[in-house]
Amino acid sequence: MPNLEKIKEMVFETDNEACFIERERILQRLECEFKNYDKTDKYALIFSRLLSEVSTPIEDCDYFAGRVKEALPDPGMNAPNWLLFSTGHMSFNYSEILNCGLKGMLEKIKKANTDGETAVFAQNADIVVSAVRDFAKRYSATARKKGFDRMADVLERVPYEPAYDFYSALQSVWLIHMIASCYVGSRDYAFGRFDSYMLPFYLKSLKNGMTEDEATELLAGFLIKTNEICGRSTHNYKQKPVLCQASKQYVNIGGEEPNAFSKTVLKAAMKANMAQPEINVILKPDADNEFTDAVFEAMSVLTDKLHIYNYDIIFNALTNKGIDEPTAKDFTFSACCAFDLNYHSYRLEYYVPVPQLFLKALKKQNYASLDELVNAVKEEIRADIQRDVDEKENSFENKEFARQAFVFDGLFLTDSSYECRFACDGRAKYTVYNAFCPGVATIGDSLMVLDKLVFKEKRLEYGEFIKILENNFAGNEELRQEILSFTKFGNDTEVDKYTTFAGNIFLDAADGVSLKENRYLIGGFYSLERDNSWSGEVGATPDGRLSGEPFSENQSPTYGADRNGITALLKSVAKLPFYRTATGGLNLTFSGSVSAKILKALILSYFEMGGLHVGISVVNREMLEDAMVNPDKYKSLTVRLYGFSEYFISLPKWQQIAVINRTMYEC
Amino acid sequence: MQGNIFNIQRFCVNDGPGIRTTVFFKGCPLSCTWCHNPESQSFEPEILFYRDKCTGCGRCKNLTVNNADFICFNGAKEICGKTVDSDYVISEVLKDKIFYDSSDGGMTLSGGEPLSQPEFTLELLKKAKEYKIHTALETCGFANTEVMRKAAELTDLFLFDYKETDPILHKKFTGQDNILILDNLNLLNVLGKKVILRCPIIPGFNDRDDHFLGISKTANCFECIEHIEIEPYHSLGAEKYEALGRKHPNIAVPEAAAVEGWLEKLRSLTEKEVKRA
C-alpha cells in the first residue's frame, strides 16, 4: 500500500555517504569498453546500456515508480563517474513532454534533421528516447509483478507516449526528472511552472472521478519523492558522491494567473512538509484574494519551505531588459533565487567578488570626493564582469565531450532541440547571465562611514583612514567601536540611501558590460554562502568590520545592525533598486510562530514598497543551540539558508552559527 | 506639546489588532509588587546599568540622566526616559502606516500609565485620528474620570488592566485601591467603548478562586468587555531590576499546567472568550 509516512521515513534512513552504486559499477565497466570508441553515437549508446542494465526497484509504499538504489562506493571507486554528466540548473519543457510524449518530440526533432551536426543530434535522440521507453517498460514489469496494475499500465505508456491523466502525468515527470538528476545530469533541475502544465491533467482526472483528497495525497507522494534525490544527508554535513550532489528541488506556482490546481499544490506541500521541494510562489500582489490567503496560510505552516517572489517587479525588470512580454511572463526559478525564462533560456551565473573589488578600488589612490571613489568602484566591477562574460563566450567554442554532440537535457530545451542542437552553445533562444552582488549592505554602510568621517566631517584624511583599514583597526579600537555604534542600513533611516546607492553602483556597472546580440545580463543582490566563505579574503571594511569577519548576507543588513524591528527592516530593504533586478532573496527569522494574517500584511506591504522576495524561518536561539548539542532531537528541524531550506543538523558548524547569529524577530 | 516616554516599539502584534507601534510612557501611579517593567514606574529618567557588559572604558564617567542620546558602545549603560515632542512621536508612528493599513493595526499607548500625562496622551490620540490611525490605550484605569472620558472619545480600543478584585489587597499589591479603577471601567461601559480586560495572574498574590470569580463577574457584567486576556507572571523583567539597582520581587514563574488550570477555571465561569496574552 502506498504510504506517505513510510516513504518519508525512508528519506531519513538514507546513508549520507552512499552513491548510486549500480550506475557507478556499470559506468566503470562501460568506460573501459568504450575507451576506443569514437563514433558520434557514443553518448547515446552508453546512456542506453546504463538504462538497460540498472535495476528497477519499487517499494511497497511507493506511489510512483523510479527509485535509485544506493550503497557505499566500492573500495577505490571514484564516484560519481563523469562519463555521463551535464550542467543542471535548468527547467525542462514539461508541457511538451506531457502533451506529445517523447515519441512526439522525437518526430519533431527528426523533421528538423538536415545533415552534419543536426544528424548527430537526431541520431542520439532516437537511441536515447528508445532507451527511456524500454526503461519505463521494465519498471512496468516490476510493478506488474508486485500487483501494482495501475502503475504498470501507466508505465507501459509514459513518458514515451503523452500523459493521459493526473497520475500518468506525475509519473512521467518523475521518471524524466530522476534520469536527468541521477543518471546523466547534475543538480538543480527544476519543475518549472508546475501548476500551469499540470492543470489540464488535474482537471481531467477530477472530471473522471478523482477526489481532491486523492489528488492531494498523490501529489504529496510525488513531492516527498523529490527528497530522495537531493544528494545530501539529512543529518551530519555530508554531500553524497552522486551527480545531483546538494541538489534542491523547485516547484514554481502562481504567476500571472494562479489556477485551480495551484491551491492543491499548497495543500499537498503542507501534507508532505519536508525540506524539499522549495515551493516558489510567484505572487502577483493583486492576485485573487483566495489564492493569496491560501499562500500565506501555507507559509505560516511550511515556514522556510515556501518562499514568495514579487511577480510584478520581476516581470517589469525583464521587459525593461528587452525580453518580450510573453516570455517574460513565463519566468521561473531553478537554483537558489536565480531565474530562468522557463525552458527558453540557457543560464550562466557569476558571483561578482564585490567586497574584494570595492577594497581594491578604495586602496588604488586618494580620492577627493565620494563621487570620484564611486566611479572607480563602478569601473572595477564592470571590468570584472566583462572579463567573466568574455571568458564564458569563449568557452562556447570549447564544449566538452558530452555536450559536443548531444546530451540528454538537450532534448527538453525545445527551442534548440527542435533545431537539433543543445542550448549550451550560446545559440539558445535567450542566453542569460545572472550577475550576483554579495555584501551590498557592507558596501553601503562603508560608503556611509567614509562619507561621514572623511568627506563631510573631515575627521580623518582619506589616506589616514585607508591606513587604519590596512592595519585592521589595530590601535584604533575606540574609533571602530564608535563606527559600530553608528546607525546602519536596516533601520528605516536616511542612511539607507547609501546602500541603495551601492546597489545602483553594482547595477550600473552590470549595465555597462558589452554583450553580443541575444544576450541578457541581469544583476541581483545575492550572496549564497560567500558572506562567510569569502570573508577571509576581504580585509577590514570602513563599516567597522574586521578582516575575516563575515560581511552582509543576501539583501540583509550586516549582522545585528537592524535594531528597529522588522517593519523598519522591510522599509529599508525595499529601498534597494529591485526594479532593476530579477534574482536574489531576503530571509527573515522569527523567534516564534507568525500568523498567516501578519505574514500577509508584512509581505504584501513590502511588495507594495518594491520588495522582491521573502523567505522566512521560524526558530529560536535556544532551540538551535540545543540542536547543535542534541542533534537527534531535531531530525526534522529545517531553516532557511541563502535561497533554500535545509535540515539544521545537516549543516557544518560555521553555518549553524551564522544562522544563530541572524537577527530574530519576536512576534 | 511634550511628554515623557521611554520607548517607541514598532511591530507589536500583541497590543491590539494587527501590526502596531506601541509608545511606552514613563511613570505609573501604581507600584505593583510584581511589575514586569520596573523602568516604567518612575516619572523621572533613570540610568540602566548592565554590569556584565561593562568593559570599564570610562566614556560614561560624566553621564547624567539628561544625556538621553548617549550610546554606550557595549550596551552596558542606557538612559531610560526622555522628553519628546508629540510631533516626533507621531512621525515615528506614521513610519509604519502602510503596515497598519494592510493588517488593520495602528498605534497603542502603553506604559507606565499614559493617562498620567493626560494632555500629551490626548494630543497623540487626536493626531493619530487625524491620520486615520486606529488607536488603542493600555491603562491601569487609575486616572481622573474626566481624563478617561476625553480619552475615550479618541480611543478605539482599551486594553484595561484588572489586577485584583479585593480592594484591600489591591491597595496592598499596587499601592492604590480599585474603586476609581472600577468607576472608570464602568464609565467606558456606559460610553459603549470596546475593552479587552487584561489580567496579570501572579502566583501567591492573585491566583485565588475569589479573584477568578471577580474577573468573570466583571467580564460578565460589563458588556463593553470583548474578551479576557490572562497574563501569567514571567521573570523577563529580572535583569532590569538589577540594572536599576533594585531588588527583584523573586516570584516563582508558574508552570504551564497551572496556567492551563487558570484558563480552564475562567472559561467555566464566563461565556466570554478567555485567551492567554
Side-chain angles (χ1 to χ4, degrees), chain A residues 285-286 289 292-293 296 300 473 476-488 490-494 496 544 560 562-572 574-575 588 590-611 663-667, chain B residues 7-24 36 53-61 63 67-79 88-89 91-108 133-134 234-236 275-277:
Chain A
D286 58 356
N289 218 11
T292 309
D293 283 343
F296 288 103
S300 71
F473 289 99
N476 287 283
E477 187 54 23
E478 190 160 333
L479 172 70
R480 192 176 87 89
Q481 289 300 332
E482 186 190 346
I483 291 172
L484 289 177
S485 77
F486 292 166
T487 300
K488 302 278 175 41
N491 294 292
D492 188 21
T493 65
E494 62 109 32
D496 292 340
D562 46 328
R563 295 165 184 163
N564 281 353
I566 192 164
T567 51
L569 170 91
L570 290 174
K571 287 188 72 186
S572 288
K575 294 173 197 168
L588 305 172
F590 293 95
S591 59
S593 65
V594 206
S595 71
K597 187 188 163 193
I598 296 295
L599 284 172
K600 181 180 172 185
L602 282 175
I603 294 173
L604 289 188
S605 299
Y606 177 58
F607 283 1
E608 195 183 326
M609 294 184 286
T663 303
M664 297 190 181
Y665 296 101
E666 284 178 31
C667 212
Chain B
N7 196 8
I8 299 176
Q9 189 161 356
R10 295 163 74 172
F11 191 60
C12 294
V13 292
N14 297 314
D15 294 336
I19 295 169
R20 314 188 69 82
T21 296
T22 301
V23 183
F24 291 91
H36 288 138
K53 294 181 182 169
C54 180
T55 59
C57 74
R59 280 184 64 250
C60 60
K61 65 173 187 266
L63 184 71
N67 303 111
D69 295 326
F70 173 81
I71 294 172
C72 167
F73 298 153
N74 306 303
K77 258 189 193 171
E78 59 182 74
I79 310 287
Y88 163 76
V89 175
S91 72
E92 285 297 301
V93 168
L94 278 172
K95 285 182 174 171
D96 278 352
K97 176 92 164 56
I98 187 167
F99 296 103
Y100 313 148
D101 292 347
S102 61
S103 68
D104 300 322
M107 174 185 83
T108 299
I133 292 172
H134 179 276
H234 62 74
S235 58
L236 298 177
K275 297 182 189 176
R276 190 188 163 145

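Reckoned from all heavy atoms, side chains included, excluding hydrogens, waters and symmetry mates. Below, read A as the first sequence line, B as the second, and so on, with proteins coming before strands; counting in each chain starts at 1.
- To the nearest 0.5 Å, the span separating CG on B/Asp101 from CD on A/Glu608 amounts to 8.5 Å.
- The two residues A/Asn491 and B/Arg10 make their nearest non-hydrogen contact at O-NH1, 4.3 Å.
- In this structure, no portion of A/Leu484 lies under 4.5 Å from any heavy atom of chain B.
- A heavy-atom distance below 4.5 Å is found between the side chains of B/Asp96 and A/Lys571.
- Rounded to the nearest 0.5 Å, atoms CD (B/Gln9) and OG1 (A/Thr567) are 10.0 Å apart.
- Smallest separation of non-hydrogen atoms from B/Arg59 and A/Glu478: CD-OE2, 4.0 Å.
- Across every non-hydrogen atom of B/Phe99 and A/Ala601, the tightest pair is CD2-O, 4.2 Å.
- Counting all heavy atoms, side chain and backbone alike, A/Glu666 lies closest to B/Phe11 at O-CE2, 3.6 Å.
- Here A/Ser605 contributes atom OG and B/Tyr100 contributes atom OH; the two are 11.5 Å apart, rounded to the nearest 0.5 Å.
- Residues B/Ser102 and A/Leu604 have side chains not in contact (no heavy-atom distance under 4.5 Å, counting atoms from C-beta outward).
- Within the 4.5 angstrom heavy-atom criterion, atoms from both the backbone and the side chain of B/Ile98 approach chain A.
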